[in-house]
Structure formats: C-alpha cells, structure tokens
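Here the structure is laid out as structure tokens; the discussion comes afterwards.
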There are 2 protein chains.
Amino acid sequence: MIINETQTTKHKQTTRKRLIEATARLFAQHGYNGLTMRSVAEEARANIAAANYHFGSKDAMVLEMLRERVQPINHRRLELLNQARNHNSVKHLSTYEIFHSLIFPLGEEIAKNAKSRCSLAQLIARTFTEPVQFIEKMHHQFFSQIADTYYRELALSHPGIPSKEIYWHLHLAVSSMLGALAQHRRLYDFTQGNCEENEVFPLIERLIHFVTHGFEQGINHKFDQ
Amino acid sequence: MIINETQTTKHKQTTRKRLIEATARLFAQHGYNGLTMRSVAEEARANIAAANYHFGSKDAMVLEMLRERVQPINHRRLELLNQARNHNSVKHLSTYEIFHSLIFPLGEEIAKNAKSRCSLAQLIARTFTEPVQFIEKMHHQFFSQIADTYYRELALSHPGIPSKEIYWHLHLAVSSMLGALAQHRRLYDFTQGNCEENEVFPLIERLIHFVTHGFEQGINHKFDQ
DNA sequence: AGTTTTTTCAAACAAACGTTTTAATCAATA
DNA sequence: TATTGATTAAAACGTTTGTTTGAAAAAACT
C-alpha cells in the first residue's frame, strides 16, 4: 500500500477516513466497549471486513483514531507555549498564559467544525475514563510528556512553592479541564435551557479563568496537611 | 421474598450483597458495557443465574447498585447544607460552605473503607461519562434535584450575579469535582510518586478550595461575552 | 490491452454475551 | 420428619461480538 497524494490513493483513503470518523463518533458516544466493528462499518457505510483490512484490529483502529486527533492538539499546545515564552520579556510566564496554552487548543479543535464539536470533547474526556489497557498505554505515550512540560513550566513560574503542591493543583486543573469537556454536552440539560450548548469559546474562556484562580489561590493557601 | 433482620435473610443477603459489591467494583473499572454478568458472578463467587434471580436483569442490577451508593451521599449533602444554614447567623452561606457540603460527603464515603476508595470515586465519575440510556435516566432521577438545590443556594448567596453565570460556574465546579474523582486513581502515576495516592481528605480539601476560588473569581470577572 | 496489486464484499468462524430453564440445595415451619 | 418456599447451580438458549476467509471488484502499472 503506497500512501501519497495521487488521485487514486485519495480515493482509497475515503473509506479509511470515513471509518476513522465513525470510530471517533461512536467511541465518544459509547466508549471503547460500546463501540462495535459493525456499528462503525454501518456508520461509515463500509464493510466490516474493510475495517479489519485497513487497521488490522479493533484496538489498532481506535488507537489510530486517537493518535490522529490528539497529536495536533498537543503540537498546538507547545506552539502556544513557545509563542508566549518568546513574546514575553518577563522571566516567567503567568499562570493564565500557561493554562491558556494548555486549554485553548482544545477549544480551537472543538470549534473547528460543527460536526465534531461535542464529539471531540467527549472523546478526549473518555481517554481519561476508559480503563482499557491500550488506552492507558496511549495515555502514557501521548500525555505524560506534555504533563511533565507543564509541571516544569508551572514550577518555574512559582518558585518557592513545594513541588507537591504544584502537582496537586496541576492535577486539579487538568481534572477540571477534562471534567468540563466531558460534561459539556450535558450543560444544556443541566441548566434547563439557560445556557446555549454550542457556545464553545465562552466556556473555554471561563474554564481557563476558573482553573487559573483555583490554582493560584490553592498553591498559596495553608492547608492543614 | 421477605426482607427483615432474621438470621436467614442475613444469610440470604450475603450473595446479594457480594453481587452488588462486585458490580460496583467492575462498573467502576470497566463501565457499563465492560461489565459482564459472568465477570460479576465470578468476582462475587456466585452463579450467573443468581444475579438474574436477585435483580432480574443486568440493567436492574447496576441501577440498584448505583441507588445504594448515591442516595446516602445526597442525604449527607443536604444534612450538611442544613447544618450550615442553622449554625450560621448570617443571611446567606459562604461559597466555601456550600461547596464543602457538596463535596465533603464524597470524601467521607470514599474514605469509609479502604476497599471502596478508588472504586467509589471512579464509580461516581462514570455515572457522568457513561452515555447509556438508563444512566441518563438515573442521572435525572438522582442528581437533577440536588443540582437545582445548589443552584438556588448559590444564587441566594450571590445576589446581582446573572443566573447564567451562576449556572456556568456551578457547572465548572461540578465538572471539576467529577474530573478530580475520575482522575484520583491516576494521580500516583501522574506525579511519578510525588503524591501518595491514598490521601483522600487532603485532596478533597484542596478540591473544595479550588472550586470555591474558581467560582468566586469567575462570577465576578468581566468576560467578553 | 493485459497483469498485478489494492480494496471491497458477503458469508462464515469461534467465542462471549444476557437470559432462561430445570433441577438440586438450603433454611425454616408445621 | 415432612413440607414448603427461597435460593443456588449447571446447562443450554438465541444473539452479538471480533475476526477470518475467498472470491469479486476496482485501481494502478507495464
């Protein structure tokens, strides 16, 4: 199988691309165990065997889908982080700038097209709730490195704060981010109509603000233990 | 089937109780679709048919398990909320008091016994990520009422704040709470050993503090939209 | 054009799923 | 002790699961 930009391979990739998109949609909605090869094939208007032909197995298919969705976001994060570092004359970045670079790319990707809005938010949230083994591996593969980057950046910006407190509150910030994404779909029901569910960026903006102040107030507070 | 406190019914309930506990453990670990009747029966050292005998179906069994775990927590929440209302001479409660009554009961239940620690945290988080229909119903049944209670309490404590902002930031606070619970198990890996994973109450305390300040700073901030 | 490679498809595979059936076991009362 | 009702157990039910097969179709290349 040759992968290039000829017209033929483009056409070859359409079913593959449809399968990936169907996988993303169904994985976000039903999780790994709730996703079946038949449901993916039906959603993608393709044959069941085609899915196994292109990816080899269910595991590999879902993993490939996750890789394609997550990596651009992580690249954008580091891009924004470096942008903030360069455009800043001060020694260290503000907490807001750091969390902005972490969270904003998610908003960009969610808002990129209407179809994937709720899908991507749920999808990313699921990668942290699904306990399946390959997802844990994927988690270590894709997120452990970036988590370390952000820990170091925060530690640099908050000298004198015990590393344990940095860890705790970065953990809380990331948890808030993922929780908010996972719950985004439910916001409309929850408020009984008081919030429009498709307002992505206002939510993202409030989320960044929320975790920034939770983090800053948290690490400066004297806890009993 | 007679349910009372005779010795016989006690013995009758042991397998039923073992099934409920196994259901909780496996549901927390693998979600609804990842939980199988056979795995529950095996974990509970019981027969597959016994599960269907006691509960009728997989749906009913999981639902009953959730009911037994969630309701005590909600009762405790309202208890703490009323306690704060009575012991307080001021007109309205502080944001901290409100979120304390919302979150602290979770910590109590999680810390109640070592076995259910991670289990309960994940379990509750799953009830908000699993999209299965009966869980959504259960969500409306168990949580919509208490969500409304907390919205009204927060609105009462923050006069002049648009109800939309109250909704947004209560949503963020609840999302943070659930996200933190869902991620609690992963904290140890995440920090590569810098945080002891079994410190429940320190995390809970920081979580309450985190969402309190995120909420208060959030609703008082002027957002573009 | 003919040939080769890549991709699709319907059908079938064994395994695992939730559930039901039927009989055996248990505890308790008469 | 005999009998009754509640509980457990083994086996089988019909579906659905992920995966494989082998032939047909499509595309690419010489």
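Since the structure is predicted, the reported quantities are computational estimates derived from the model, not experimental observations. All chains are named by letter (A, B, ...) in the order of the sequence lines, taking the proteins before the strands, and each is independently numbered beginning at 1.
The interatomic distance linking B:K17 (NZ) with D:dT7 (P) rounds to 15 Å, in whole Å. Residue A:F55 contributes atom CZ, which lies 15 Å from atom P of D:dT20 at whole-angstrom precision.
We find the CZ-OH distance between B:R126 and B:Y32 to be 14.0 Å, quoted to the nearest 0.5 Å. Rounding to the nearest 0.5 angstrom, the gap separating the CG atom in B:N74 from the CD atom in B:E79 is 12.5 Å.
Not counting sequence neighbours, the partners of A:R152 by the side chain to side chain donor-acceptor pair (under 3.5 Å) test are A:D148.
The neighbour count for B:Q83 CD, taken as heavy atoms of other residues, nucleotides or ligands under 6.0 Å away, is above 12.
Contact annotation: A:H54 does not reach the phosphate of C:dT6 (side-chain N/O to OP1 or OP2, under 4.0 Å).
There is a side-chain donor-acceptor pair under 3.5 Å between A:Q71 and A:R67.
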Determine, for nucleotides 10-23 of chain C in 5'-to-3' order, which nucleotides have protein heavy atoms under 4.0 Å from the base (write B), from only the sugar-phosphate (write S), or from neither (write -). B-B----BBBBB--
